[in-house]
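Supplied in structure tokens, the structure appears directly below.
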Amino acid sequence: MADDELRKDQEPETEQNTEPEQRPETEEEWPTFDWKDGIFSAQQDGGDDADATRVVRQDAPQPQPEPEPPAREPKKKKKHMSVQATILTALAYLLGVLLVSYAIATVSWNFANDLLALNKEELTATITIEEGETVDEIAANLKEAGLIEYPLLFKIFAAFTGKAEDGKIVSGTYELTTDMDYSALLTSIGPQSPVRSVVTVTIPEGYTMAEIFELLEENEVCSAEDLMEAAETEDFDYDFLDGVSATGASRLEGYLFPDTYEFYMQASATSVINKLLSNFETRFDEDMQARLEEMDMTMEEVMIVASIIEKETDGQDQKDIASVIYNRLSESNTETNGYLQMDSTIQYLLDERKETLTAEDLAIDSPYNTYLYPGLPVGCICCPGLDAIEAALNPNETDYYYFYLGNDGTTYFFSDYNAFLVFRQEQMAAAGTDSEEDDTAAGGEDDAA
């Protein structure tokens, strides 16, 4: 027991005395670093090892604990599809692929049929393309006529091939069929079309420009309005037009040569007029040009004379009519003092032709009025034919100054004015016509005074 009590007295009281023992201020104890253990320990001078170690460890920087990694969600177990579900999914995918492929193949086949004109019902349609129509409008017309099914595809093809560029589609009327693929359709509505509708038109001699335009409109060649606008505004490059005195559309009067033509239906106004002018240029040949030089006249003067000849007679006595005109225009003429006094020039100024001219008609102030103004009118009064032009170039040599169309249909010519008046009075009396009603400065159609 003594030994036990002795040991108990020697053991430090860890529970009751926890504060380290105060050492004299004169004796400072420094801890040492144990490089092996990585801790500080008290100096081996007999101090309390436990207390020193505790102090040193409290003062030394403590290592920071590493952050714990975020907790991971537990992996979900993959659900394994049943064999039946797998098969159904595969079949659905395969069916979708087949449906898409079928749709693409069907659309492609339909496009190919339309593009290449395959398996189409036989159909012929007349298509009219107006001047200035767009590809969109043309495609819509072709669709409406049953010639194509897909206007958008047609427009894409036209743009891709360049067949819709300026000048490659021409206005007109065309006979098109479902046997034509897109390329053939575009070629057929172009300038080299083999299926463009053609109409034959005969322009009578002596028709005025306005009458010619109306005739062309009646035959569906071109509208009279478009033709008149082109006549007035377009610049037609022909030498014989350079010296023409008339202006505007009237400058073409006399030069639209009367003949039988084949015109494209719904053609452009400019192309139609060019065709008429070109024919005149061809018909007025080198012999006629040489004759102009012999007569010391211009083409305009000869054509004006020819137009008057054409309107004053039916063609049986054109060269005698020509001689009357030239005699009245002669500087040595004292019978008429240079006045033609031709009723046909007055009729040209009227909206509608009259059987008998009135005093008011003869008083119309116009450079075409040969009763008011001496010499030739300012321009032609119709489009004369070849015979009238030949008569103007080769008149008979006579001393006639007057002519009158008798009741028997024959034209009678006179050198003396009094003789002319007597004959006319006799004809009127025989026809039962009041001479006073018809006395318009001693002149009427098919007579001159």
Side-chain angles (χ1 to χ4, degrees), residues 128-134 137-138 164-174 189-193 196-284 289 298-304 306-307 348-349 351 366-368 377-385 389:
T128 298
I129 297 176
E130 303 291 346
E131 192 165 0
E133 268 193 22
T134 65
E137 294 170 326
I138 293 170
E165 296 175 355
D166 291 344
K168 293 191 175 181
I169 293 179
V170 180
S171 62
T173 300
Y174 303 89
I189 59 177
Q192 304 300 323
S193 172
R196 193 172 182 184
S197 297
V198 175
V199 60
T200 301
V201 180
T202 298
I203 299 175
E205 298 170 343
Y207 261 35
T208 64
M209 178 177 59
E211 290 172 331
I212 291 173
F213 290 168
E214 289 173 3
L215 177 65
L216 293 173
E217 182 177 67
E218 290 172 5
N219 286 272
E220 300 183 38
V221 175
C222 188
S223 74
E225 182 180 356
D226 289 346
L227 288 165
M228 191 62 73
E229 182 180 356
E232 186 172 356
T233 61
E234 292 292 330
D235 182 18
F236 297 99
D237 188 18
Y238 295 92
D239 292 340
F240 57 80
L241 294 177
D242 292 343
V244 173
S245 301
T247 58
S250 297
R251 76 192 194 280
L252 302 185
E253 188 75 86
Y255 304 96
L256 306 176
F257 192 77
D259 206 345
T260 298
Y261 296 88
E262 285 190 346
F263 293 104
Y264 287 122
M265 297 181 69
Q266 301 302 321
S268 70
T270 303
S271 66
V272 171
I273 293 175
N274 268 317
K275 190 166 190 174
L276 299 173
L277 295 175
S278 178
N279 193 22
F280 172 82
E281 185 178 48
T282 301
R283 294 303 189 94
F284 203 98
Q289 291 285 356
T298 66
M299 179 181 288
E300 180 185 34
E301 290 171 339
V302 168
M303 291 304 298
I304 292 174
S307 70
Y348 182 72
L349 299 174
D351 292 333
S366 168
Y368 286 91
V378 71
C380 296
I381 62 172
C382 71
C383 294
I389 297 173

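Predicted model, so just to flag it, every value in this text is computed and none were measured. Just so you know, these numbers use all the heavy atoms, side chains as well, and skip hydrogens, waters and symmetry mates.
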Does Ser197 use its side chain to pair, donor to acceptor, with the backbone of Thr173 at less than 3.5 Å?
yes
Parallel, tilted or perpendicular: which one describes the rings of Tyr368 and Tyr348, with boundaries at 30° and 60°?
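Ring orientation of Tyr368 relative to Tyr348: tilted.
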Return yes when atom CD of Glu220 has more than 12 non-hydrogen atoms of other residues, nucleotides or ligands closer than 6.0 Å, and no otherwise.
no
Where do Ser307 and Cys380 come nearest, in terms of heavy atoms and distance?
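Between these two residues, the closest heavy atoms are OG-CA, 3.6 Å.
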Think Lys275 forms a cation-pi with Phe263, using NZ or CZ under 6.0 Å from the six-ring centre and within 45 degrees of its axis?
yes
Please test Phe284 against Phe240 for ring-ring contact (aromatic ring centres under 6.0 Å, His included), starting from the C-alpha separation and ending with a verdict.
CA-CA 10 Å; Phe284 203 98; Phe240 57 80; 8.4 Å; no
Kindly compute the distance separating CD1 (Ile212) from CE (Met209), expressed to the nearest 0.5 Å.
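Between atom CD1 of Ile212 and atom CE of Met209 there are 8.5 Å.
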Criterion side-chain contact (heavy atoms from CB on, under 4.5 Å) against Tyr261, the qualifying member of Thr200, Leu276, Val221
Leu276
Please give me the minimum heavy-atom distance between Val199 and Asn219, naming the atom from each residue.
CG1-O, 3.7 Å
Nearest heavy-atom pair of Thr128 and Glu133: which atoms, and what distance?
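Closest heavy-atom pair between Thr128 and Glu133: O-OE2, 4.0 Å.
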Heavy-atom pair with the smallest gap, counting every atom of Thr202 and Leu215:
O-CD2, 3.4 Å
Give every residue pair that meets the side chain to side chain donor-acceptor pair (under 3.5 Å) criterion with at least one member in residues 221-235, sequence neighbours excluded.
Ser223-Asp226
Does the Lys NZ or Arg CZ of Arg196 fall within the cation-pi geometry relative to Tyr264 - under 6.0 Å from the ring centre and within 45° of the axis?
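Ring-cation test returns yes.
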OG of Ser193 to CD1 of Ile169: how many Å apart, nearest 0.5 Å?
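Rounded to the nearest 0.5 Å, the OG-CD1 separation comes out at 11.5 Å.
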Verdict with supporting geometry, Leu256 and Tyr207, side chain to side chain contact (heavy atoms under 4.5 Å, CB included)
CA-CA 9 Å; Leu256 306 176; Tyr207 261 35; over 6 Å; no
For a 4.5 angstrom cut-off between non-hydrogen side-chain atoms, does Glu253 reach Ile381?
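Not touching, per the 4.5 Å side-chain cut-off.
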I'd like to know whether Arg283 forms a side chain to side chain contact (heavy atoms under 4.5 Å, CB included) with Ile389, so could you lay out the CA-CA distance, the side-chain angles of the two residues, the decisive distance to 0.1 Å, and finally the verdict.
CA-CA 10 Å; Arg283 294 303 189 94; Ile389 297 173; over 6 Å; no
Do Val170 and Ile129 have side-chain heavy atoms sitting under 4.5 Å apart?
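Result no, sub-4.5 Å side-chain heavy-atom pair not found.
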Do Phe236 and Tyr238 make the cut of ring centroids closer than 6.0 angstrom?
no
Minimal non-hydrogen separation, Ala224 against Phe213, with atom names:
CB-O, 3.8 Å
Those residues that, when tested against Ser366, pass side-chain hydrogen bond (donor to acceptor under 3.5 Å, both in side chains) (two or more places apart):
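Partners of Ser366 under the side-chain hydrogen bond (donor to acceptor under 3.5 Å, both in side chains) test: none.
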Once you round to the nearest 0.5 Å, how far does CD of Glu211 lie from SG of Cys383?
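Answer rounded to 0.5 Å: 9.5 Å.
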Kindly list each side-chain donor-acceptor pair under 3.5 angstrom involving residues 241-249, sequence neighbours excluded, with atom names and distances?
from	atom 1	to	atom 2	distance (Å)
Ser245	OG	Glu300	OE1	3.2
Ser245	OG	Glu300	OE2	3.2

To the nearest 0.5 Å, how far apart are OG1 in Thr282 and CG in Leu277?
11.0 Å
Distance from Leu252 atom CG to Ile273 atom CD1, nearest 0.5 Å?
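Between atom CG of Leu252 and atom CD1 of Ile273 there are 6.0 Å.
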Compare every heavy atom of Met303 with every heavy atom of Pro384, then report the nearest pair and how far apart it is.
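Looks like CG-CE, 3.6 Å.
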